[in-house]
Structures are given as structure tokens and as C-alpha cells.
Amino acid sequence: MRKNTCMGIVFPNAHDELMGEMTEKRSMGSLPFCGRYRVIDFALSNLVNAGISKVGIISRSNYQSLMDHIGTGKAWDLDRKSGGLYFLSPYSNNEAKLFVGHIDALFGAMDFLKKSVEQYVVMCDADVITNIDLSKMIDRHIESGADITIAYNKGAMPANHHDVMNFNLDGDKITSIDFAAFNKADCNVSLDITILSRELLIDIVNEGHSHNYTSLTREILNPNIDKYDIRGYEITQYAVIMDSPETYVKATQDVVNNPEVRRQLFCKKHPVFTKTRDDMPTVYGLDSEVTNCIIADGCVIEGTVKNSVLFRGVKVGKGTVIKDSIIMQDAVIGDNVDLQCVTLDKKVKVNTGKTLRGTSTYPIYVRKNAIV
């Protein structure tokens, strides 16, 4: 990829509504994942690892947590005088109305697009967990001469994400787009990573806005499938679209239990960057037992933890047993507690002797700052 030919745009509020209480007070992009990361870290790291040094984040709502996490973009080497990180206004016009859909969002960021000089734009929804070599996709787009290239992988259509596209392909050319492939087990599922020229994007957004369109895919690309040369780019690495709390739990368990998933998501060649927090090493009590877990720093564990993820600063009391669970940052769990298939959000306190048990298909979720 030629250096400085591409810029990135990330949508951190992509499909917040699918995660229920987990995104009630945060965006999809700021959802914690695997001990120390946020979901947006994967999109940002993919862009930065491809040599992209200018990224705009178009947030819609609940963006305070996201801004606290990303800050100046230093963790991703985006704190620059030239290029760097841009938080774009969550409002689409002077009437200060929240945008609806990608067309409205991009129209609100039109000044940013017009003032940029990069030839291509890479757009990503921050609801996908994957680690890919984005530079190869960009090179393929440029070499093919396509108008638009969209990343996809082969697999089952997400059960709750009705806006995800299924492609019908002739070679790598997309010949039709299906939005109603519910429960299909074998699809070419869009990962909502799209590459096109900046000038074409500006034209499409202006045209869509003039017709009061909101959806880029449903109202622009799908009706004009013969007008534009739209190509698919297959992603063969592990990728999961967050479409429910159950999907979030399953993705976490994939990382915990499958070494190949860990290798693909957290490889040295394409590191996943995140905000660092200096803390002491985790302390394990004399009677503690920890098996097949991801444990962040700053934890104090005096009980039993199996097949689980503990974020930074978690405290586990004596006699407590935690299995197949996700315990987010600074949660405090008392003595003789029994947790199974439970997700505790940040700073939850579970008092001594409590029992919470869900299942893999119906995990229990406890919201941030709750006391059980």
C-alpha cells in the first residue's frame, strides 16, 4: 500500500441496540473485551497496522467512556501534528439533531472529508472482533480498479443482526446483496469494512442526503449494484460480529478455550493496541485455584476461577467459585460466592454467600456499579 493514500473512518455506535443493557451507557466500541481491550481497539489497530495515520471517529451518543479510553490516540500512535485522530461531532447539522444511519453521519462529517487529501477511505463499524492485514485488502482494491470493496467472511448469518449483508458473488464481484438471509448457516457475511475513493464517497453521501436516505448499503449500494463495480474481499481469519450479549460471551469463550483463536486475534505481527493502565501484578492467595483463564493485572484472587476472564483490579474472596464468567474492571466479589455463566460489569460488588448461575445460552448480566 502506498503510504498516506488512505484515511480511516470508524463508527463506534454501530448497532448499540443489539447489546441491551451492556451498551445502555456506553457505545458498542467502548464495550470491554478480554481483560484489557475495548471492541474499538480491533478496528483502530487494523487501520494503524496498515499504515493509516489519519482516523476520524464519528460517534452518535454515549461517547464519554469512548473518549476516556481513546484520549489523544497515543496508544495507537495517532497523537500527531499531521493527520492523527479526529473525534467528529455527533450532530449532523446546525439544528443539532442526532444522525440516523451512515449517510447522515457522513454528511455531518462532510467538511472533514472535503478538507482531507487522502485518495481512499476505509470505513469500519466497531462491532467486529477480528485482526486482519488491512493493507492487503487496500492493495487488492487499488489493483482491481473496483469502485467499492467490502470485506466478508464465510459463515452463519448473525441471528439478531438483520442489517448484515449476504453477498452473491461471481468471482470476487458482488452481483447481489441479500438482507434477509436469516438463520442461514453458509453465507458470505459482510464485516462492514468498506474501501472506496474519497471523491466517490463524497458524491454518494451528497446524493443520498438529497434523497433523505440513511442507509449506505440498503438505499445506495443495493439499488445500484449494476452501476458500481463492487468487489468482495474474503477474510479467512477469525471474525465475529457482536449482535447480542450471548455472542459477546461466546466470543470471549472462544478466546479462552481455543488457542488458534488467540493466535489469530493477538499475533505479534499485527498487535492489538489499547490504553494502558499501570497496576501491580495479580496476587494469588495460598488457597486460590486458577485454571484456563485470562487474568489482567491488579487482581487479588483468593478463591477458585475456571474458564473465565478477569479484568483489571478484580478482587475474588476466599471460598468463592467462578466458572465460565466475565468479570469486568474493579469488581469486588466477597467470600463463598458461587458464579457460573455470569457477566459482571465494571465496579459491581457481590456480597458474601451469593449465588448467580446462568447458562451458555442464557448468561446472567449485572450492570455497572450494581450491588448484589
Side-chain angles (χ1 to χ4, degrees), residues 18-19 22-23 26 28-46 49 69 75 124-133 151 153-156 158-159 161 189 191 193 235-277 282 290-299 301 304-314 316 322-329 331 339-346 358-365:
L18 298 177
M19 302 303 294
M22 297 185 77
T23 51
R26 61 162 68 96
M28 177 76 79
S30 59
L31 186 65
F33 185 76
C34 270
R36 62 192 300 259
Y37 302 95
R38 304 292 182 106
V39 174
I40 198 173
D41 293 342
F42 293 87
L44 289 176
S45 298
N46 287 334
N49 287 331
H69 174 68
C124 308
D125 283 358
D127 62 348
V128 179
I129 299 293
T130 191
N131 186 345
I132 63 174
D133 187 351
N153 72 341
K154 294 183 180 293
H161 199 329
V189 183
L191 297 178
I193 302 172
I235 301 300
T236 57
Q237 293 95 326
Y238 178 83
V240 59
I241 300 172
M242 294 293 170
D243 72 322
S244 67
E246 292 77 18
T247 302
Y248 172 84
V249 171
K250 183 183 183 304
T252 301
Q253 290 300 324
D254 286 346
V255 176
V256 171
N257 295 315
N258 191 329
E260 179 60 22
V261 171
R262 293 197 298 272
R263 186 191 68 80
Q264 291 187 28
L265 282 184
F266 305 106
C267 61
K268 293 182 179 180
K269 188 176 181 180
H270 302 106
V272 180
F273 303 103
T274 190
K275 178 183 177 181
T276 59
R277 167 177 151 173
T282 290
V290 178
T291 307
N292 192 38
C293 293
I294 296 175
I295 309 293
D297 50 5
C299 297
I301 303 174
T304 298
V305 186
K306 297 183 178 180
N307 303 322
S308 298
V309 174
L310 270 57
F311 284 70
R312 299 173 174 122
V314 171
V316 179
I322 300 174
K323 295 181 180 179
D324 304 313
S325 295
I326 302 167
I327 314 299
M328 294 188 192
Q329 187 170 309
L339 301 180
Q340 185 167 333
C341 295
V342 174
T343 299
L344 302 184
D345 212 318
K346 296 171 64 176
T359 67
S360 59
T361 57
Y362 196 87
I364 293 174
Y365 170 75

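Closest approach of Pro245 and Met19 over heavy atoms only: CG-O, 3.7 Å. In plain terms, the two heavy atoms of Asn307 and Cys293 that are nearest each other are N-SG, 3.5 Å. In terms of heavy-atom proximity, Ser308 sits nearest to Asp324 at OG-N, 3.1 Å. Nearest heavy atom pair, residue Ala296 against residue Arg312, reads CB-N, 3.5 Å. Contact record, Asn46 with Thr130: ND2-O, 3.2 Å, taken as the closest heavy-atom pair. Closest heavy-atom contact between Leu310 and Cys299: CB-SG, 4.2 Å.
Not one N or O on the side chain of Ser45 forms a donor-acceptor pair closer than 3.5 Å with the backbone of Val272. Arg36 places no side-chain N or O within 3.5 Å of a backbone atom of Thr276 that could act as its donor or acceptor partner. Panel note: side chain Ser325, backbone Thr343; no donor-acceptor pair is recorded below 3.5 Å. Put simply, the side chain of Asn258 never gets that close to the backbone of Asp254: no donor and acceptor are under 3.5 Å apart. At least one donor-acceptor pair closer than 3.5 Å links the side chain of Asn49 to the backbone N or O of Pro271.
Aromatic ring orientation, Phe33 versus Phe42: perpendicular (interplanar angle above 60°, classes split at 30° and 60°).
To the nearest 0.5 Å, the span separating CZ on Arg262 from CD on Glu260 amounts to 10.0 Å. To the nearest 0.5 Å, the span separating CG on Asp243 from CG on Leu18 amounts to 6.5 Å. The CG atom of Leu339 lies 12.0 Å from the OG1 atom of Thr304; values are rounded to the nearest 0.5 Å. For the atom pair Leu191 CG and Ile235 CD1, the distance stands at 6.5 Å (nearest 0.5 Å). The distance from atom OG1 of Thr23 to atom CE of Met242, rounded to the nearest 0.5 Å, is 11.5 Å. Between atom CG of residue Asp345 and atom CD1 of residue Ile327 there is a gap of 10.5 Å, rounded to the nearest 0.5 Å.
Side-chain contact check for Asp127 versus Val39: every heavy-atom pair is 4.5 Å or farther apart. The closest side-chain heavy-atom distance from Lys346 to Arg26 is below 4.5 Å. Side-chain atoms of Tyr238 and Leu265, non-hydrogen and from C-beta on, do get closer than 4.5 Å to each other. Met328 places a side-chain heavy atom less than 4.5 Å from the side chain of Pro32. Looking at Tyr248 and Tyr365, their side chains never come closer than 4.5 Å, going by heavy atoms from C-beta outward. Counting heavy atoms from C-beta outward, Gln237 and Asn131 have side chains that stay 4.5 Å or more apart. Side-chain contact between Ile326 and Phe311 is present, with at least one heavy-atom pair separated by less than 4.5 Å. Two residues are said to be in side-chain contact when any heavy atoms from C-beta on lie closer than 4.5 Å; Ile295 and Ile301 meet this criterion.
No option in Gln340, Lys250, Glu246 other than Glu246 meets the side-chain contact (heavy atoms from CB on, under 4.5 Å) test with Pro363.
Partners of Asp125 by salt bridge (Lys or Arg N to Asp or Glu O under 4.0 Å), not counting sequence neighbours: none found. With sequence neighbours left out, Lys323 forms a side chain to side chain donor-acceptor pair (under 3.5 Å) with no residue at all.
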Next item on the list: Given side chain to side chain contact (heavy atoms under 4.5 Å, CB included), test Ile241 with Thr247 step by step and report yes or no.
Entry: CA-CA 8 Å; Ile241 300 172; Thr247 302; over 6 Å; no
Notebook entry, point to check: So His69 and Thr274, side chain to side chain contact (heavy atoms under 4.5 Å, CB included) or not? Walk me through it.
Noted result: CA-CA 8 Å; His69 174 68; Thr274 190; 3.3 Å; yes
